[in-house]
Structure formats: C-alpha cells, structure tokens
Amino acid sequence: MNKVMISPSILSADFGHLRASVEALDRCNADRIHIDIMDGHFVPGITFGAKMVAALRSATKIPFEAHLMVSDPGIQAKAVVAAGADIVIVHHEACADLEGEIAAIESQGAKAGVAINPQTTFDSISSNMGSIDTLMIMGVDPGMGGQKFMPVVLDKIRQARAYVDKNRYGTIIAVDGGINIETGRLAMEAGASELVAGSAIFGAHASVSDSIEGFRKLCWNH
Ligand code: DX5
Ligand code: ZN
C-alpha cells in the first residue's frame, strides 16, 4: 500500500495564532493542511472562510485541503480556490448537483473531493469515485472537533477501499473526525489512505511535532 497521508486539521489550533500553527505544520512536513470551513447553517458552528485561507497561504507550500461544511458549496468553493486551496472537499449532503460542483472545482484547477456523513452510504457516492481526488469518510457528525470516532464507519472504509482497488482508481480514501493513534490504526487497516486529525495533534499533551511523528510511525509500521 502507498504511504498514508497525515492531514492536521487547524480547527483545534489556537485561533488567535493560526499563522504560527500553520508555520509549525510546515516545519513538521504535514502532507496536507485540513481547513474546516463552517457557515453556521450546514453545521451550527462558524469558523472562517476564503479570506483566512488567503491570509495563511503564504505561510507554507503544503497543499491546503478545504473541507466545506457549508450549505452553499458552489460559491464558497470558487472563493477558496481563488484564495489558494489546492483540494476542495464538498459535502454530498449539501450538493444538489454534485457532478456540477466537482466539475466547477476542477475547471478552476483544483482537486475535488467529496465528504460523506456517517449516515450516508458509500453506494450513494460510488458512481463518482472515478472522477474525484478524495473521498472523505466522516468518522463523526461534522461540525465539531474532539468527538468520538464511530466504529460503524469502518465498514464504509472497507467498501470504499474494495471498490477503488477493483476499479483501479487512484482515489484517496480519507477519514475525518475522531482520529487518534488507535482509531487511525483501525481506519488504516480498513483501507484509509489519508488521516485527518485535529484534537489528537493540537489538543494532545505532546507537542504538535511529536504528535505528527506518532502518526508517521503508525503509518510506516503499517
Ligand atoms: C469535524 C471536522 C474535522 C475536525 C476533526 O467536523 O471536519 O476536520 O477538525 O477534529 P478531531 O480530529 O478532533 O475529531
Ligand atoms: Zn474536516
């Protein structure tokens, strides 16, 4: 299996010093930086938007993965790509025209991904697998960091992995929410190729670099 990517989510970083957090991730060579954009409508919380993406862009060359937890993904997707996002993840549950959203992101030169909530089946997205960069399987209900991983989604990861391998797609299978060393191991064993982690990296007793190092060892030993 190819190397598993580690994507720290800055949702759990200190919002008063986000640029310093991104610089710290730059020094740790994170694979992607996961940026959770919430609009207070698709999910209750509000975080930040394209202007923050633009403000952080010059702090690192690490790819920015914008996870749009918004009701109007079309408008926000365009804005975050213009602000420097490299990968844009839209929620299947928020898109009336998923194919159209994917095509619009790609036509701007970014990679497109789709996130699915714990209640959403893999079958509802399987026909799109050949045309997306990343399938993001939520391990928790979206909206908040620090929640407990739902083991029931492991089966969905296995299904996605079997489907991608059978069709020889290069689709990245990411898992987001509730990921720590233990649940990360389970997700990897089920077939995940990208682990998103917020509180396990920014809220841990260990430093950010030691926490990332812990994930790296996990992936190397896989
Ligand atoms: C949750 C977000 C996640 C969040 C994960 O809605 O999409 O990216 O940052 O946080 P942890 O890793 O703490 O579950
Ligand atoms: Zn996220």
Side-chain angles (χ1 to χ4, degrees), residues 4-15 18 21-22 24-25 28 30-50 52-53 56 62-71 73 76-77 80 85-94 111-120 132-154 156-157 172-188 192-206 208 211-212 214-215 218-219:
V4 173
M5 292 196 290
I6 313 296
S7 304
S9 162
I10 58 169
L11 182 63
S12 293
D14 177 353
F15 271 31
L18 277 182
S21 299
V22 170
L25 295 176
C28 302
D31 294 293
R32 289 177 168 184
I33 295 180
H34 185 89
I35 303 181
D36 288 302
I37 294 181
M38 305 184 189
D39 66 350
H41 191 258
F42 181 71
V43 291
I46 297 179
T47 50
F48 36 64
M52 182 62 84
V53 174
L56 297 174
I62 294 174
F64 278 178
E65 172 179 87
H67 176 192
L68 300 185
M69 285 165 274
V70 303
S71 295
Q76 296 305 324
V80 294
D86 302 278
I87 307 108
V88 179
I89 312 280
V90 296
H91 263 267
H92 179 37
E93 301 83 5
K111 292 177 176 171
V114 179
I116 52 174
N117 284 344
Q119 294 76 18
T120 304
I132 57 175
D133 173 80
T134 302
L135 171 68
M136 185 155 289
I137 296 178
M138 297 305 296
V140 302
D141 288 323
M144 269 191 314
Q147 302 180 74
K148 211 168 169 314
F149 181 75
M150 299 181 188
V152 69
V153 306
L154 289 170
K156 198 158 40 177
I157 300 173
I172 291 161
I173 301 173
V175 57
D176 179 18
I179 294 298
N180 53 36
I181 297 290
E182 287 73 40
T183 55
R185 176 178 291 115
L186 296 176
M188 267 182 6
S193 48
E194 177 186 349
L195 302 179
V196 177
S199 50
I201 288 176
F202 287 103
H205 292 300
V208 166
S211 301
I212 292 179
F215 277 105
L218 170 72
C219 298

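As the structure lists them, so they are numbered: ligands from 1, and atoms in each ligand from 1.
Between the T134 side chain and the M136 main chain, no donor and acceptor come within less than 3.5 Å of each other. Between the side chain of T47 and the main chain of D36, a donor-acceptor pair closer than 3.5 Å is present. Put simply, the side chain of K156 never gets that close to the backbone of I116: no donor and acceptor are under 3.5 Å apart. Remark: the backbone N or O of S71 is paired with a side-chain donor or acceptor of D39 at under 3.5 angstrom. Distance alone, capped at 3.5 Å, places no donor-acceptor pair between the E65 side chain and the D86 backbone.
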At less than 3.5 Å, what protein N or O atoms come close to the N or O atoms of ligand 1? Include the distances to 0.1 Å.
unit_1	atom_1	unit_2	atom_2	d
ligand 1	6 (O)	G143	N	2.7
ligand 1	7 (O)	D36	OD1	3.0
ligand 1	7 (O)	H67	ND1	3.2
ligand 1	7 (O)	D176	OD2	2.9
ligand 1	8 (O)	H34	NE2	3.2
ligand 1	8 (O)	D36	OD1	3.1
ligand 1	8 (O)	D36	OD2	2.8
ligand 1	8 (O)	D176	OD1	2.7
ligand 1	8 (O)	D176	OD2	3.1
ligand 1	9 (O)	S9	OG	2.7
ligand 1	9 (O)	D36	OD2	3.0
ligand 1	12 (O)	G198	N	2.8
ligand 1	13 (O)	G146	N	2.8
ligand 1	13 (O)	S199	N	3.0
ligand 1	13 (O)	S199	OG	2.5
ligand 1	14 (O)	G178	N	2.8

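Here the closest heavy-atom approach between residue V4 and residue D31 is recorded as O-OD2, 4.3 Å.
In this structure, the side-chain contact (heavy atoms from CB on, under 4.5 Å) partners of V208, at least two apart in sequence or on a different chain, are L25, C28, I201, F202, I212. For A206, the side-chain contact (heavy atoms from CB on, under 4.5 Å) partners are D210, S211, not counting sequence neighbours.
A parallel orientation is assigned to the rings of H91 and H67, their planes being inclined by less than 30° (bins at 30° and 60°).
Neighbouring protein atoms of the Zn ion (ligand 2) (N, O or S, distance under 2.8 Å, waters ignored): H34 NE2, D36 OD1, H67 ND1, D176 OD2.
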